[in-house]
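Order of listing sets the numbers, starting from 1, for every ligand and every atom in it. Quick caveat, the model's predicted, so the values are computed rather than measured.
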Amino acid sequence: MRRVRFYTHGGPEVLVTEEAGIPVPGPGQVLVRTEAIGVNYVDVQIRRETDPDSIYFRSVPATLTGDVVGRVEATGPDTDPALTGTRVAALLEDAYADYVVVDAEWLAGVPAELSAGAASMLPTVGAVALGALRTGRLGAGETVLVTAGADAIGHLAVQLARQRGAEMVIAAAGSPAKLSFPKELGADVVVNYSEPGWADLVRDAAPRGVDVVLEAVGGQVLNQCIGLLAPYGRAVVFGASSGDLPILPVRTLFALKSVIGFSLLALRAAAPEQARANVAELARLFGSGALRACTQELPLADAIRAHQMLEDRAVTGRLLLVP
Ligand SMILES: NC(=O)c1ccc[n+]([C@@H]2O[C@H](COP(=O)([O-])OP(=O)(O)OC[C@H]3O[C@@H](n4cnc5c(N)ncnc54)[C@H](OP(=O)(O)O)[C@@H]3O)[C@@H](O)[C@H]2O)c1
């Protein structure tokens with residue numbers, strides 16, 4: 001079988017596709033034959049990071065994370081044998097391969113009618129979009145701003161915010177070509193946050209300020225988002241795709257503003273039942289057609305190209321590698 005690794009940190013070209021034996025599931029694990037692998041932006045940061053003190057650093061040789069969809073081919077010791085033959089999805093640390101070994105604890109069951117693209121969004125990107133909106137306590141009638149609103153998490157957050165009763169959904173994306181996409185998905189207002197005046201356009205659309213911001217770009221964009229919050233507004237921060245996580249002066253929050261962190265792993269640890277309920281809700285929404293999964297696909301052998309597209313910010317929706 002094929003698997004992808006990197007042996008030195010660097011650009012997309014350091015990714016190596018190699019042959020290896022099919023892995024053997026250990027206790028509590030299952031072997032999954034992959035149908036699709038959802039690619040995550042965090043792996044660009046992991047692949048590049050050479051500072052051992054960084055949260056993104058991995059010593060080499062290193063594997064790539066991803067959201068694998070596939071069928072269980074075998075179970076390890078102490079694992080429910082009835083899982084064999086079922087279709088599942090899971091986030092794992094070593095995802096780019098024809099076969100993967102997965103801990104059974106966080107396997108999401110995947111209904112047969114769900115597309116591989118939708119299924120790939122259950123473990124992480126959908127769970128982050130829904131979890132972050134819940135963390136921001138979005139209420140009916142409120143205004144939401146989603147930065148990177150055309151990306152994997154963002155395009156789901158736009159749709160979920162609409163469904164959860166937001167009165168106005170504003171999506172910010174990094175190029176003119178990306179603006180029509182969140183608009184089609186239900187955003188009322190779209191702005192290009194690569195343009196200097198973008199925050200003024202948001203103020204024009206929401207003069208009272210925005211109630212909830214979903215933010216994972218970081219740097220100046222995060223500071224500008226805090227400036228856009230209404231009194232009692234909440235900015236939910238769950239990443240820093242720009243690579244810049246600014247230190248926030250507390251005084252920026254005195255005007256009744258809050259900044260709340262979100263991490264999927266923290267939610268799983270603190271509220272596992274809620275985390276599982278979120279995944280089940282997402283499966284229902286995708287299954288009923290209420291939530292649209294927008295994907296672009298590349299063959300697994302094109303992992304380098306996939307990472308180049310992530311670096312070039314050339315992806316709308318979710319990028320899948322297909323064995
Ligand atoms: N906390 C958690 O549990 C958790 C879990 C998963 C992911 N995340 C984080 O959530 C963020 C989004 O993840 P995703 O999988 O939805 O990502 P994605 O689909 O790959 O999209 C990332 C987007 O970030 C925007 N961006 C802004 N500045 C950028 C820069 N300097 N370089 C590259 N992209 C830049 C780009 O959109 P524009 O071109 O429109 O700006 C890009 O399309 C990432 O930061 C990731 O680490 C957090």
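Ligand-side atoms of ligand 1 in range of Ala240: 45 (O), range being under 4.0 angstrom from any heavy atom. Contact atoms of ligand 1 toward Leu310: 20 (O) (distance under 4.0 Å to a heavy atom of the residue). Those atoms of ligand 1 with a heavy atom of Ala216 less than 4.0 angstrom away are 10 (O), 11 (C), 45 (O). Atoms of ligand 1 lying under 4.0 Å from any heavy atom of Ser263, numbered from 1 in the order shown and given with element: 1 (N), 2 (C), 3 (O). Every atom of ligand 1 with a heavy atom of Val217 under 4.0 Å away is listed here by number and element: 27 (C), 28 (N). Taking a cut-off of under 4.0 Å to the non-hydrogen atoms of Leu264, the atoms of ligand 1 that pass are 2 (C), 3 (O). Listed by atom number, the atoms of ligand 1 under 4.0 Å from Ala173 heavy atoms are 40 (O).
For atom 27 (C) of ligand 1, the closest non-hydrogen atom on the protein side is Arg313 NH2, 3.5 Å. The protein heavy atom nearest to atom 12 (C) of ligand 1 is Asp151 OD2, 3.5 Å. Nearest to atom 41 (O) of ligand 1 among the protein's heavy atoms is Tyr193 OH, 2.5 Å. Scanning the protein heavy atoms around atom 5 (C) of ligand 1, the nearest turns out to be Val128 CG2, 3.4 Å. The protein heavy-atom contact nearest to atom 19 (O) of ligand 1 is Ala152 N, 3.0 Å. Atom 31 (N) of ligand 1 has as its closest protein heavy atom Ser242 CA, 3.5 Å. Nearest to atom 6 (C) of ligand 1 among the protein's heavy atoms is Thr124 CG2, 3.7 Å.
Counting only non-hydrogen atoms, the option in Arg268, Lys178, Arg318 that gets closest to atom 42 (C) of ligand 1 is Lys178. When the heavy atoms of Ala314, Ala150, Ser241 are ranked by distance to atom 30 (C) of ligand 1, first place goes to Ser241. When the heavy atoms of Phe262, Tyr56, Phe238, Tyr41 are ranked by distance to atom 48 (C) of ligand 1, first place goes to Phe238.
At distances below 3.5 Å, at least one donor-acceptor pair connects side-chain atoms of Arg234 with backbone N or O atoms of Arg137. Remark: side-chain polar atoms of His9 are not paired, donor with acceptor, to backbone N or O of Ser59 under 3.5 angstrom. With hydrogens and angles disregarded, a donor-acceptor distance shorter than 3.5 Å links the side chain of His155 to the backbone of Cys294. With hydrogens and angles ignored, the 3.5 Å screen pairs a side-chain donor or acceptor of Thr34 with a backbone N or O of Asp98. Judged by distance alone, the side chain of Asp103 and the main-chain N or O of Glu105 form no donor-acceptor pair under 3.5 Å. In this structure, the side chain of Glu49 engages the main chain of Asp51 through a donor-acceptor pair within 3.5 Å.
Taking a 4.0 Å cut-off on heavy atoms, Ser175 fails to register as neighbouring ligand 1.
Within a 6.0 Å radius of CD in Glu167, no more than 12 heavy atoms belonging to other residues, nucleotides or ligands are found.
In terms of heavy-atom proximity, Arg313 sits nearest to Gly174 at NH2-CA, 4.1 Å. Nearest heavy-atom pair, Pro25 versus Pro77, reported as atom, atom and distance to 0.1 Å: O-CD, 3.9 Å.
Cation-pi contact between Arg203 and Trp198: absent, since separation from the ring centre below 6.0 Å together with deviation from the ring axis within 45° is not met.
Sequence neighbours left out, not one pair with a member in residues 250-259 passes side chain to side chain donor-acceptor pair (under 3.5 Å).
Going from atom CG of Leu214 over to atom OG1 of Thr147 covers 7.5 Å, rounded to the nearest 0.5 Å. One distance of note links CG of Leu122 with CD of Glu281; it measures 12.0 Å at 0.5 Å rounding. Rounded to the nearest 0.5 angstrom, Met309 CE and Leu298 CG are separated by 5.5 Å.
Considering backbone and side-chain N/O atoms, Gly174 comes within less than 3.5 Å of an N/O atom of ligand 1. Distances between N or O atoms of Ile153 and those of ligand 1 include at least one value under 3.5 Å. Considering backbone and side-chain N/O of Val39, none are found under 3.5 Å from N/O of ligand 1. Taking distance alone, with nitrogen or oxygen atoms compared against 3.5 Å, Glu311 stays at or beyond that limit from ligand 1.
Under the 4.0 Å distance rule, the nearest protein heavy atom to atom 36 (C) of ligand 1 falls inside the cut-off.
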